[in-house]
Amino acid sequence: MVATGGCVDGFRGSNLQLDLSRATPAQASPGATPGPTQLPANAHFTLYAIQSADDRDRLFEVERFEIHPIVDLASPCFIDVGEHVRFSGLHVSQFAAQVAIDTGIPDYRNPPPEATEQQKIDAATAAQRMANIAALGGGTGIKVVTSVSEGGYPAVAADCTSAGIPPATCTDEDANARRLAACQGAWTADPTLWEGTDRVLTAPLAGTTFGLVDGTNPINLAPVGGAQLFVDEDLTGMDAFAIYWQLDGTDGPGTLLLYGTPHGPTRGVVHVELTSPANPSLTADLAIFADLGQDEVTF
Amino acid sequence: MHNRWMIVVAGGLLAVLETSCKTTDCGDGTIERGGTCVPAEEVVGNAMCGPFTELAGDQCVPMFPPTECDPGSTTADTDPATGVTTCIGTGTSAGCGGAFACPAPAAGRQTICGQLYDFETSTRFQGASPTGAQCPTTPTADGPCALGIRAYDAVEFATNPATAVPRTTAAVYIDDCGRYRVPDIEPGTSPFIGLGIDDALPANRGPAGVTNVVGVATPKVVDTSTREFEAFIVKMSTTTQWQTSGGPSIAAGYYAMVFRAASTGMGAKPGVTVVNQAMGPIMANDFYFTPAQTTRQTVDVAQNATGANGTALVAGAALAHGGYSGVGGLPAECKWSGHPGVTLAGIVFIQVLRPVNQTGMTCPL
């Protein structure tokens with residue numbers, strides 16, 4: 001009886017299920033000027049739990065994250081990686097052009113008579129892949145909730161032979177190999193540096209994907225969304241929650257994006273509807289499984 | 001009795017053992033993080049919050065909406081750029097020059113508002129002696145009050161108009177100035193919402209009546225009001241002129257591309273040739289108007305670029321062909337926006353194209 005009654009000192013933190021509305025801004029590509037619905041590239045989001053007293057609010061930093069388009073053609077390390085890829089280290093923007101050279105089919109709608117069936121399939125597939133990438137990274141594409149990094153990539157070289165990451169247009173084997181090595185080196189040095197891929201939407205090339213902002217997959221029009229975070233804090237009894245964005249390396253919480261107060265727990269789950277004080281279309285739903293060490297229902 | 005006491009004692013012991021797991025109980029002003037109580041990263045006093053504001057995070061925010069419009073005589077209209085809400089009167093005293101409300105949609109919906117134009121002349125399509133009065137329930141014989149507007153999932157409609165189902169909306173508003181409002185459109189799954197404009201009376205739908213069937217499309221942006229979105233009517237006499245002067249017929253349908261000179265405004269851009277983003281020039285399927293013509297009446301089959309009206313008609317367009325755009329008439333920092341296009345029998349699809357930033361550059365137009 002004593003053995004069965006002994007307690008296990010389990011994980012005392014919380015699990016967060018976060019649904020950010022599709023109006024949530026994503027970050028611009030590094031070096032690019034943010035668009036009207038974007039934030040600077042060197043920024044991050046922070047989720048705060050808040051205790052309210054009569055005369056003051058106390059903000060506890062719970063988790064930082066970033067939001068990026070799922071693919072970024074402007075990134076020097078948006079490349080093909082792995083044994084199964086056709087051109088390892090090639091910048092993905094050049095994929096269709098390389099397949100066209102490889103197959104001898106510059107226009108898949110008008111293949112030469114000597115082209116094999118497999119070559120035609122490859123050329124058409126490459127064209128479709130480029131169309132998919134344009135849709136995924138476009139204004140109505142998928143946005144990803146990711147790990148936070150204040151680092152970045154080494155500078156892009158001036159030409160295909162200089163030191164640095166070879167420019168995207170350098171497609172020879174040597175340039176591809178050097179690009180692959182430079183990018184993998186950057187990812188190893190900073191495991192939280194995030195780089196997405198169109199090949200598997202939930203398996204990035206580097207960094208961690210926590211989930212997706214609510215939206216629609218422009219390729220198959222399927223609804224997507226939902227992110228999950230495990231945090232060390234026991235979030236039982238908090239009075240409010242808020243999400244801010246802030247430039248990297250800057251003190252203070254930053255700019256308030258979303259704020260909400262929790263509903264009473266239902267079967268141990270706290271629900272928070274967050275809204276923007278400035279933009280009513282900017283919303284989020286947060287479900288909190290607080291103090292998982294005491295959870296007897298879900299986990 | 002002895003067994004019952006055994007159960008009670010065991011249960012009590014288990015309860016003690018269960019509760020003894022949680023050894024940390026943090027006081028006010030701290031949070032348990034990894035088993036340790038830690039203080040807050042930020043502490044914000046609320047002494048700065050003025051009357052009718054409350055602390056949200058580290059900011060004082062209003063406790064109430066800034067404006068409440070009288071629902072009996074006004075419509076609330078919030079400027080998305082400034083956040084300022086204006087109560088716009090629903091009466092006719094301001095006439096066609098008065099402001100036209102485009103209120104925020106219900107959650108998860110999109111509202112589209114704008115002005116109807118006669119595509120042949122680019123003039124506002126208005127009734128005789130318009131006052132700004134809402135159209136009557138019974139359609140009139142002519143003018144904007146003869147029309148009906150329906151919202152569709154644009155891709156669903158373009159794929160098969162026969163099976164596409166109009167999207168749910170609140171009551172569509174059209175006035176005799178030709179201003180319209182399609183509120184609370186329930187969006188479909190595709191990235192675009194289409195508006196179909198045709199005569200309201202079933203007997204006049206299609207080429208008969210005031211207009212052929214006209215389609216326009218705009219990106220789906222839920223929880224947003226899309227303002228000043230141009231919609232059009234295209235009279236049967238107009239498409240007949242296009243056909244008799246060498247263009248395709250309404251029986252096959254048209255994809256009409258209107259190239260505008262700048263990112264805003266109505267100025268047309270001459271000297272633009274239609275290209276398909278995948279196929280390049282489509283010289284057998286693009287038609288342009290007489291070079292000096294500012295209206296849209298006479299096709300000139302000898303032309304290979306837009307004239308003064310900035311307009312091209314495309315035959316045989318299909319979603320499977322990818323997007324349509326243009327080349328020519330722009331500085332190096334600009335390119336033409338690209339849009340999916342389709343040609344469907346009996347329908348005039350109209351797309352307005354504007355200069356956008358060339359990759360890595362800033363378009364000054």
Q: Sort R22(A) into side chain, backbone, both or neither according to what part of it lies under 4.5 angstrom from a heavy atom of chain B.
A: side chain
**Q.** Proximal component of M130(A), with respect to chain B [non-hydrogen, under 4.5 Å]
**A.** neither
(Q) Assess the residue pair T362(B) and T33(A) against the criterion (side chain to side chain contact (heavy atoms under 4.5 Å, CB included)); give the C-alpha distance rounded to whole Å, side-chain angles, the decisive distance to 0.1 Å, and a yes or no. (A) CA-CA 10 Å; T362(B) 302; T33(A) 304; over 6 Å; no
Q) Measuring heavy-atom distances to chain B, does Y244(A) have an atom under 4.5 Å in its side chain, in its backbone, in both, or in neither? A) side chain
Q: Kindly write out the residues that satisfy side chain to side chain donor-acceptor pair (under 3.5 Å) with D239(A), not counting sequence neighbours, or none if the list is empty.
A: none
Q: Determine the option with the most heavy-atom pairs under 4.5 angstrom with chain A, choosing from T224(B), D28(B), T30(B).
A: T30(B)
Q | Residue Q358(B) excluded, over 12 heavy atoms near CD under 6.0 Å | A | yes
Q: Find the distance between CG (D223(B)) and OG1 (T283(A)) and round it off to the nearest 0.5 Å.
A: 6.5 Å
(Q) Does any backbone or side-chain atom of P253(A) lie under 4.5 Å from a heavy atom of chain B? Answer side chain, backbone, both or neither. (A) both
Q: Please look at E61(A) and chain B and tell me whether the side chain, the backbone, both or neither of the residue comes under 4.5 angstrom of a heavy atom of that chain.
A: both
Q | Residue pair V222(B) / S21(A), side-chain heavy-atom distance below 4.5 Å | A | no
Q. Near N160(B) CG, under 6.0 Å, is it more than 12 heavy atoms from other residues, nucleotides or ligands?
A. yes
Q: Start with the C-alpha gap between D107(A) and M279(B), add the side-chain angles, then the distance that decides, and say whether side chain to side chain contact (heavy atoms under 4.5 Å, CB included) holds.
A: CA-CA 8 Å; D107(A) 179 359; M279(B) 298 188 291; over 6 Å; no
(Q) Does any backbone or side-chain atom of L256(A) lie under 4.5 Å from a heavy atom of chain B? Answer side chain, backbone, both or neither. (A) both
Q: Would you name the heavy atoms of D234(A) and I31(B) that are closest together and state the gap between them?
A: O-CG1, 3.8 Å
Q. Can you pull out the residues in residues 33-42 of chain B with any heavy atom less than 4.5 Å from chain A?
A. R33(B), G34(B), V38(B), P39(B), A40(B), E41(B), E42(B)
